[in-house]
Protein chains: 2
Amino acid sequence: MGDKIRLEEEDKGMLESVLGHEAFSFLIWSASNKVPDEFRPKTKDLGVQDGLHKILEGSDWNYAIFWQVSNSKSGKSALVWGDGHYKEPKGSEVHENRGENVRKRMVLQKLHSWFKGHEEGNLQLKTDLVSDLEMFYLTSRFYLFPFDKSSSPSQSFNTSRSVWVSDAESCEEQYQSRSFLAKLSGFQTLVLVPVKKGVLEIGSFKSIPEDHGFATSVKTLFNECHPKGLPKIFGQELSLGGGSGGGAKAGPISINFSPKVEDELDFGGESYGIQSNRVYSGNSSNGHRIDPGMNHVIGGVLNSQPIISALDQSNQDSNLMDRKPRKRGRKPANGREEPLNHVEAERQRREKLNQRFYALRAVVPNISKMDKASLLGDAISYITDLQSKIRIMEAEKEVNIRPEVDFMARKDDSVIRVSCPLDDHPVGRVIKTFREHELVVNDTNVSTTENGKVIHTFLFQALGDAAAAEQLKEKLDSAFPE
Amino acid sequence: MGDKIRLEEEDKGMLESVLGHEAFSFLIWSASNKVPDEFRPKTKDLGVQDGLHKILEGSDWNYAIFWQVSNSKSGKSALVWGDGHYKEPKGSEVHENRGENVRKRMVLQKLHSWFKGHEEGNLQLKTDLVSDLEMFYLTSRFYLFPFDKSSSPSQSFNTSRSVWVSDAESCEEQYQSRSFLAKLSGFQTLVLVPVKKGVLEIGSFKSIPEDHGFATSVKTLFNECHPKGLPKIFGQELSLGGGSGGGAKAGPISINFSPKVEDELDFGGESYGIQSNRVYSGNSSNGHRIDPGMNHVIGGVLNSQPIISALDQSNQDSNLMDRKPRKRGRKPANGREEPLNHVEAERQRREKLNQRFYALRAVVPNISKMDKASLLGDAISYITDLQSKIRIMEAEKEVNIRPEVDFMARKDDSVIRVSCPLDDHPVGRVIKTFREHELVVNDTNVSTTENGKVIHTFLFQALGDAAAAEQLKEKLDSAFPE
DNA sequence: ATCAACACGTGACAC
DNA sequence: TGTGTCACGTGTTGA
């Protein structure tokens, strides 16, 4: 691996200084291992350009990128560049020194040559000078986020949680390896909105406070309004922000409740010191079971096993002593002081368990009763449901695209016949539409292109009138829903 | 719905008397609603006939059916007839009265006419007389098991648990709506083995005790040995039953341990009286934490919410008093007798909770520590993993088969161009193989058949020698794995 | 008043 | 010798 990329030492320095170290090494790695070859873009022109435009127009947002789910042959999945749009803020004049600008252009050209073949459109800049925003946007095109690596977009998609950070430091964290260019650009707000087929990333130079309506309306729009036409409702929904939408789809995971950012950053369930006490004291004067989960850090991401360890420190401080004497349970009856430590340990064990229960409540939908046992029962049946769902989907995927191949070697020539169910064939719906309209196809042809596409061409006589043609066109459009 | 099926009253009576009431109404419903039309068979000739033969040959099994996962356009899934095989026991002579036989044939013909189009091969019977086994087998062809309805095969697939019942009554239960014909046939053993793409159903007139090796070897065979060739290992593995196999795939759910049937029938986790006590007393003399889950009814199916209710009866009996005085915990210190009920209630609450914990342990794979808190943590991350897996798969499925369609209406004729990524196209792998071998295709052709298939034909010049042809053939075979 | 659900302190084990 | 986990009986609270 890495045979293609040969770098002079000075080029390396230039790239690294322009892109930042982390972005540089990511892109080198990506290009060397031909990662984008594996995760090819699938469908081009996703019909989301309009939507991206609408988001930016008349707003304080500066760019929007649609990261699209794509899978490799080896079964891995990643978020790859789907489409994007950006606009410079109105009054901004880019005044930079020449040398810097020259280097930027060179870096962009280098990147472009590395990833050639995937982006046929050569880089065309809006102005002579390359702004920081432009630089960020154009390099993002060459990015991708594998699902088996942790990244903000992939996590947002996985958990189907929106991310909204509106200060520079949080942005820097979220941008991860792209943070160098993001910091140069000066982004103050970054929003990640998971949608059906990927993640929407929207950024702004200004600090925009969280607007839950905006996120949900964007989400519902990108989940439903794909079929090219009718972007009427779009601007409307966007401007009034959240009036309509109301995602009745009831995703399994509850979205972040409040503008508190730490919901997404702090790995929930393991912060004992202050938070726990707050819950405790808050409850002890209030009755003990008014859904304490709401008060708590809500389960967070819990993305992996190692979380289970790191506790048992950070709680030996002041807040340990002023614990309320606990209204419930056994009355003190404290003769000795030897078991006092034991009592505290047991307290912590209980609290840890309850933490987990709250976290479990957060990830299991359709909790029947708030009861602990019921919760476990629900969780179990939910898990089995998910398992069977996955089992079914996997079996379907395997059985789907597996045509029969007959090979016949004859004397002078050979014949290969590939037979495939009409429903699984890309032109299946088209052919069915033909049959419905009783169209007679005069000629048909199949060809392949250089960039890995199969093109079917059907030729038939003109239709009776324009109306019929229009009807057929609509029918064809609706044949591929969404 | 139900326009197609018109029945004379006498026909109805005949069908019902031959098929049994439940099978009759199921088949009527299925045919009327054209259910098999929705779940079409996808791929024909799955290459499992050899396997099915091998299972029956030289054994006491009388029939084997492979139920295959299939999905409808509306997104539902079901197990449909994939393939099957049956054999009459050696010494059996079918001697029946004429009238019965005539009615059977008429029923079969009626069924065949209802479901025409799906099974092109007309019914050809092995003998003049239709045996009960034959009757059962042939009507099963018209069956199917939707996943949103509860049935033994679909449950077996969902939970990926094998089912093995070896007495007539249990068989009757498992066969559900097919039980009438099954009872007539006199099946004493029914085995359901979940495999990758469906469920294997195997039955016998004899009562065959559970053989775990048989199930696992069948499973691994049907999961791996699809690629037509090399059925050598097959007979071997099958005969010695379980020596090799050893499903290292570590399915998330443990298979039923013992021949006890109630594992699957009794909804686990709610039987307190005797079982609980057994566990308790067994442990109390033994140290308290030697994986009590193994002693317990293992979570069972837990298929739905309503399980959570039915308890709190059935425990007011003798076994309540002789409960061991409980080695652990607070020493009696029993002055009053008023709280004795409270104590018992609390005991039950705890036990219920623990039941759920055991059940949870059973459905969550990769338990890091046997600790309760860790278990919850594992369960949570497992759930989020499953959720994201499902999210990714759904996004992939949507983005997959969605080609671009261009419609151009011109003066005299019209053109439709369908563009589709090579990787998603059925002939993609074939074309890639051509390119690898630098084959020049002389002619190609696409046609569709009556029964809903698309057939691509490629014609090219003869290859250099037979070896090259063989190599290409192998390459093509291996292009579609499994 | 009963009843279900919890949290608490405590003794018992195990490593 | 602890350190962590569990089960038990009990006190308490809301329905």
Side-chain angles (χ1 to χ4, degrees), chain A residues 276 279-293 308-309 311-313 315-316 323-358 361 367-377, chain B residues 276 279-281 283-293 308-309 311-313 315-316 323-358 361 368-377:
Chain A
S276 311
V279 171
Y280 235 117
S281 53
N283 270 345
S284 60
S285 68
N286 207 352
H288 66 295
R289 208 198 321 151
I290 26 114
D291 192 14
I308 316 298
S309 57
L311 74 157
D312 306 296
Q313 53 266 34
N315 50 3
Q316 207 61 271
R323 194 185 272 281
K324 291 287 197 307
R326 216 146 276 89
K327 202 172 162 191
R328 271 284 205 57
R330 185 80 44 84
K331 68 198 71 160
N334 243 338
R336 310 84 88 186
E337 63 255 43
E338 192 265 309
L340 211 151
N341 210 354
H342 179 40
V343 171
E344 183 61 23
E346 177 65 13
R347 259 203 279 271
Q348 294 196 5
R349 190 186 80 86
R350 273 199 300 269
E351 194 157 339
K352 181 166 70 177
L353 249 170
N354 282 338
Q355 293 264 10
R356 296 281 152 79
F357 270 107
Y358 301 148
R361 278 202 182 83
I367 310 280
S368 54
K369 283 163 60 191
M370 269 321 224
D371 185 3
K372 267 181 186 168
S374 311
L375 167 65
L376 285 188
Chain B
S276 313
V279 172
Y280 236 117
S281 53
N283 270 345
S284 60
S285 67
N286 207 353
H288 66 297
R289 209 197 321 152
I290 27 113
D291 193 10
I308 315 299
S309 56
L311 76 157
D312 302 298
Q313 51 267 34
N315 52 3
Q316 208 62 271
R323 195 185 272 280
K324 290 288 197 307
R326 216 147 273 89
K327 203 169 158 192
R328 270 283 206 54
R330 186 81 44 83
K331 68 198 72 161
N334 242 339
R336 308 85 91 183
E337 64 256 42
E338 190 265 308
L340 209 151
N341 210 352
H342 179 40
V343 170
E344 183 61 23
E346 175 64 14
R347 258 204 279 271
Q348 294 198 6
R349 191 185 78 89
R350 273 198 302 268
E351 193 156 341
K352 181 165 69 176
L353 251 170
N354 282 338
Q355 292 264 11
R356 295 283 150 80
F357 270 108
Y358 300 149
R361 278 202 183 84
S368 53
K369 282 164 59 193
M370 271 319 229
D371 184 3
K372 267 180 186 169
S374 311
L375 167 64
L376 284 188

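Just so we're on the same page: letters track the sequence lines, and every chain starts at 1. Only heavy atoms go into these numbers, but all of them, side chains included; no hydrogens, no water, no symmetry mates.
- Within the 4.0 Å cut-off from OP1 or OP2 of C:dA4, not a single side-chain nitrogen or oxygen of A:K372 is found.
- Between the CD atom of B:E351 and the P atom of D:dA7 there is a distance of 10 Å, rounded to whole Å.
- Within the 4.5 Å cutoff, no side-chain heavy atoms of B:L376 are placed close to those of B:K372.
- Set against C:dT10, D:dG9, D:dT10, the side chain of A:V343 has C:dT10 as its closest nucleotide.
- Taking atom CG of A:D371 as the reference point, atom C1' of C:dA7 lies 15 Å away to the nearest angstrom.
- Put simply, A:K352 has no side-chain N or O that comes within less than 4.0 Å of OP1 or OP2 on D:dG4.
- OP1 or OP2 of C:dG9 sits under 4.0 Å from a side-chain N or O of A:R350.
- Spacing between atom CZ of B:R349 and atom P of C:dA5 amounts to 8 Å, rounded to whole angstrom units.
- Formation of a donor-acceptor pair under 3.5 Å by the B:R349 side chain with backbone atoms of A:A373 is not found in this model.
- For the pair B:E346 and B:N354, both in contact range of DNA chain D, the more 5′-proximal nearest nucleotide belongs to B:N354.
- The two residues A:M370 and A:R361 have their closest heavy-atom pair at O-NH2, 2.6 Å.
- Look at CG on B:L353: it is 16 Å from C1' on D:dT5, rounded to the nearest Å.
- Checked by distance alone, A:H342 brings no side-chain donor or acceptor within 3.5 Å of a matching partner on the base of D:dG2.
- Rounded to whole angstrom, the span from the CZ atom of B:F357 across to the P atom of D:dT5 amounts to 13 Å.
- Rounded to an integer number of Å, the gap from A:E344 CD to D:dT3 C1' is 14 Å.
- Atom-to-atom, CZ of A:R347 to C1' of C:dG9 comes out at 9 Å; the value is rounded to the nearest Å.
- Here A:D371 contributes atom CG and B:R356 contributes atom CZ; the two are 8.5 Å apart, rounded to the nearest 0.5 Å.
- Here A:K369 reaches the OP1 or OP2 of C:dA5: one of its side-chain N or O atoms lies under 4.0 Å away.
- Of all the heavy atoms in A:S374 and A:K369, the pair that sits closest is OG-CB, 3.9 Å.
- The nearest whole Å value for the distance from the CE atom in A:M370 to the C1' atom in D:dG14 is 16 Å.
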